Amino acid sequence: MDIAPAIRLRDLKKTYVVSERESGLRAALASLIHRRKTEVRAVDGITFDLAPGEIVGFLGPNGAGKTTTLKMLSGLLHPTSGEVSVLSYVPWKRDRAFLRQITLVMGQRNQLVWDIPAADSFELNRAIYRIPPADYRSTLDELIALLELEPLLAKPVRNLSLGERMKCEIAAALLHRPGVVFLDEPTIGLDVTMQRRIRTFIAEYNRRTGATVLLTSHYMADVEALCKRVIVIHHGKLLFDGELADLVQRFTAHKTIVVQLKDCAADLRAYGEVVSCEDGRLTLRVPKAETARVTEQILAELPVIDLTVEDPPIEEVIEHVFARGAA
Amino acid sequence: MRGLADLYLQQLKTGVASMLQYRATLLIWLIGNILEPLIYLVVWSTVSRSIGGSVGGYGARDFAAYYIVLMLVNQVSFTWVMYEFDYRIREGAFSAVLLHPVHPIHADIAENLSSKVVSLPFIVAAAAGLTAVFHPAFKLTLGMVAAFVPALALAFLVRFLVDWTVALAAFWTTRVTAINQIHFMAVLFFSGQIAPLTVLPRPLQVVATVLPFRWTVGFPVELVLGRLTRAQVLTGFAAQGAWLLAAALLLKFAWRVSVKKYSAVGA
């Protein structure tokens with residue numbers, strides 16, 4: 001039996017009309033009379049489904065249309081054309097029952113009241129979302145434990161560090177236990193430890209509540225840790241939708257061969273592109289199709305102590321995908 | 001209904017807590033709210049004395065009474081939502097508000113009320129001080145005070161809804177400050193702040209009767225000072241009721257259109 005998707009997009013498009021003018025006083029005066037308008041296609045025909053409970057990484061370079069898509073999914077933006085449904089609601093109608101079941105966390109925006117302790121903002125959200133007191137208490141206790149919020153609760157939000165504030169933002173956004181969670185760069189600007197803590201938390205929240213999560217991030221570690229499936233967009237168009245492992249397979253033209261030799265004396269340039277060599281540990285980049293042949297050759301011709309074949313780091317793959325999309 | 005009452009209570013608590021964080025700002029703001037009517041009071045008292053005792057039916061002590069009550073009424077009905085909207089739209093802070101499953105006007109009303117809870121004791125103290133200095137001619141009757149309470153509540157509601165609707169202009173233009181300026185000038189003139197309306201030329205009085213502003217400031221003041229006939233009091237309440245209805249309908253419509261516009265052009 002097919003389960004209805006939690007999120008469904010069909011040929012979704014969003015076109016902005018922006019006025020533009022050249023620099024300088026003359027252009028400024030001219031723009032008083034006549035404004036030149038151009039259309040910007042922020043999202044240009046995107047189609048995908050998310051099954052209930054999935055965590056999906058939504059990737060693309062800056063300006064690819066990720067945030068615009070998330071805003072259409074959360075009901076902040078009205079699409080130019082196409083269909084969207086989230087939990088069977090049409091987001092832009094902003095039905096209250098719909099708004100009670102979703103959340104959008106934007107790493108660079110804050111929703112907490114700046115001058116008062118986070119605990120007071122939580123209490124305010126309880127009233128806004130009309131969370132029954134018993135549910136509120138248990139969810140809050142759970143969030144406090146998972147995100148280690150106890151020491152932060154009584155401090156005014158403006159006195160918290162960026163990471164501490166982000167943890168409180170996430171807690172505030174999840175108090176009503178949304179079934180669909182949109183996370184726009186939730187770990188931006190945070191240190192590695194805090195990034196890891198937030199990642200672990202997202203995975204745990206998904207496991208406990210079965211929430212559907214769509215996540216954008218520029219940190220590939222986030223994506224690798226959380227998402228089996230990724231959707232890549234560029235210039236508003238879908239470039240890839242599938243498993244992260246397939247993305248690597250499909251878009252990597254090269255593999256990395258790491259060879260451990262006695263020292264760096266041997267010249268391996270004939271086998272492929274030498275990336276580095278340190279204490280006899282030599283990293284070679286070879287075209288994917290050549291990997292088997294080159295490996296065999298190296299093993300036969302050189303005194304190899306150890307040899308491994310690796311996929312390039314995910315950052316490199318993504319960079320490659322973006323570069324292809326831009327071409 | 002209980003959910004809404006809970007929301008108001010939480011917003012009030014949050015609002016008061018935020019206000020108390022900025023004591024210096026609160027003080028400066030209070031001084032402004034006291035100084036403005038005080039200046040008009042002094043000017044008009046001086047004018048009336050210099051021309052032999054009365055302007056438009058107001059003597060020096062009548063002006064004192066008028067402006068002391070006006071200070072209190074204006075304190076109750078005053079809003080600053082325009083500045084809030086301007087900021088929200090410019091900074092994209094409106095998105096967070098739109099994600100909430102409740103109409104944003106509730107949060108704004110509650111926040112406005114919370115600032116008044118904090119500042120009202122100071123304004124009442126200032127009114128007592130000015131009464132001691134200027135010996136105003138108060139002729140308060142119990143009936144007038146009883147009628148004053150609903151008039152004041154309606155004044156607050158009408159002004160809030162009108163200001164909130166005008167503030168929606170921020171959705172349409174990024175330079176909403178100019179619109180705010182015009183609005184404030186209109187309020188200053190036609191609400192009875194710059195002068196009691198009976199002092200103004202007749203045509204301006206007629207305009208003031210048609211516009212909402214008089215009913216949000218001048219009317220409750222004149223009412224409690226016993227300057228209105230029974231018929232004028234009833235007309236005033238009718239005007240407040242009509243404006244409340246009109247503003248609520250206008251707001252509902254303007255809000256819907258504005259959100260549509262916001263969601264079309266992006267945050």
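This one's a predicted model, so the numbers in the text were calculated from it and none came from an experiment.
The pair Arg126(A)-Asp6(B) counts as a salt bridge, with a side-chain nitrogen and a carboxylate oxygen less than 4.0 angstrom apart.
Of the residues considered (Asn125(A), Leu124(A), Val113(A), Thr80(A)), Leu124(A) shows the highest number of contacts with chain B, using heavy-atom pairs under 4.5 Å. Per-residue counts of heavy-atom pairs under 4.5 Å with chain A were compared for Leu4(B), Leu98(B), Val102(B); the largest is that of Leu98(B).
Contact of the Lys261(B) side chain with the His78(A) side chain is not registered, since no non-hydrogen atoms from C-beta on lie closer than 4.5 Å. For the pair Pro101(B)/Ile128(A), a side-chain contact is recorded, criterion being any heavy-atom separation below 4.5 Å from C-beta on. Within the 4.5 Å cutoff, the side chain of Lys13(B) has no heavy atoms near those of the Asp120(A) side chain.
Closest of all the heavy-atom pairs between His100(B) and Leu99(A) is O-CD1, 3.6 Å. Closest of all the heavy-atom pairs between Ser95(B) and Met106(A) is CB-CE, 4.5 Å.
Counted within 6.0 Å of CZ on Phe253(B), heavy atoms from surrounding residues, nucleotides or ligands total 12 or fewer; the atom is thus considered open. Around OH of Tyr87(B), the count of heavy atoms belonging to other residues, nucleotides or ligands within 6.0 Å does not exceed 12. In Arg41(A), the CZ atom is not crowded: 12 or fewer heavy atoms of neighbouring residues, nucleotides or ligands sit closer than 6.0 Å. Within 6.0 Å of the CZ atom in Phe237(B), the count of heavy atoms belonging to other residues, nucleotides or ligands exceeds 12. For CZ of Phe201(A), the number of neighbouring non-hydrogen atoms (other residues, nucleotides, ligands) closer than 6.0 Å is greater than 12.
If you take OG on Ser18(B) and CD1 on Ile116(A), they are separated by 5.0 Å, rounding to the nearest 0.5 Å. Note that NZ of Lys71(A) is 10.0 Å distant from CG of Leu99(B), once rounded to the nearest 0.5 Å.
Proximity to chain A (any heavy atom under 4.5 Å) is restricted, for Val259(B), to the side chain, taken from C-beta onward. Residue contact with chain A, scored on non-hydrogen atoms closer than 4.5 Å, is absent for Phe94(B).
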